[in-house]
Amino acid sequence: MNTYLLMITFRVWVIELPVAAFNYFVLIRRVYQPRVGELPAHEIGMSTSIGYIFVFTEPCGGGGSVGPPVPPRRLCAASMPQSPSAGQAADSRAPT
């Protein structure tokens with residue numbers, strides 16, 4: 001079991017729980033919902049929660065400290081579709 005990663009996850013969860021409650025009960029329901037409507041308010045609130053989870057992960061030792069750093073170019077390449085190399089069929093799942 002990876003106790004170090006579990007410890008980081010627990011710390012982020014403990015910090016994030018009251019902030020998530022504030023985000024939902026105060027910001028989403030009292031501020032955003034009367035101004036923009038129910039669905040856009042939840043979209044704004046969920047985007048906010050994703051953002052502050054990343055912010056909370058850094059002081060707790062998360063981020064790049066769990067594994068080796070990955071260059072941004074490699075992260076971009078992971079999301080790009082790969083073209084088939086020479087000698088391979090365009091669809092490798094095609095029956096032969």
Side-chain angles (χ1 to χ4, degrees):
M1 179 189 291
N2 192 347
T3 56
Y4 180 70
L5 186 60
L6 185 63
M7 189 171 53
I8 292 170
T9 305
F10 181 74
R11 287 177 186 169
V12 170
W13 177 76
V14 166
I15 294 169
E16 191 259 343
L17 195 62
V19 177
F22 176 78
N23 184 31
Y24 179 72
F25 290 111
V26 175
L27 293 179
I28 292 177
R29 295 188 73 194
R30 305 266 180 183
V31 177
Y32 302 138
Q33 199 170 21
R35 293 181 184 182
V36 296
E38 188 173 346
L39 182 60
H42 283 335
E43 290 173 347
I44 293 168
M46 292 302 106
S47 300
T48 305
S49 66
I50 291 169
Y52 66 68
I53 287 172
F54 280 112
V55 170
F56 287 157
T57 306
E58 286 303 316
C60 292
S65 66
V66 175
V70 179
R73 183 176 189 148
R74 186 163 179 202
L75 291 175
C76 292
S79 65
M80 303 297 263
Q82 300 293 319
S83 61
S85 62
Q88 279 187 336
D91 188 6
S92 60
R93 295 177 294 171
T96 54

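None of the values given here were measured: they were computed from a predicted structure.
- Residues Tyr52 and Glu16 are in side-chain contact: their nearest non-hydrogen atoms beyond the backbone lie under 4.5 Å apart.
- Val26 and Ile44 end up in the same hydrophobic cluster when Ile, Leu, Val, Met, Phe, Trp and Tyr side chains are linked at under 4.5 Å.
- When side chains are defined from C-beta on, Ile28 counts as touching Met46, because their heavy atoms get closer than 4.5 Å.
- Using a 4.5 Å heavy-atom threshold, the side chains of Met7 and Thr3 count as separate.
- Under a hydrophobic clustering in which Ile, Leu, Val, Met, Phe, Trp and Tyr are joined whenever their side-chain heavy atoms come within less than 4.5 Å, directly or via other members, Val31 and Val36 fall into the same cluster.
- Proximity of His42 to Tyr24: side-chain heavy atoms (C-beta onward) are separated by under 4.5 Å at one or more points.
- In this structure, Leu17 is not a member of the same hydrophobic cluster as Ile15, with clusters built from ILVMFWY side-chain heavy atoms closer than 4.5 Å.
- Between the CZ atom in Arg29 and the CD atom in Glu38 there is a gap of 9.5 Å [rounded to 0.5 Å].
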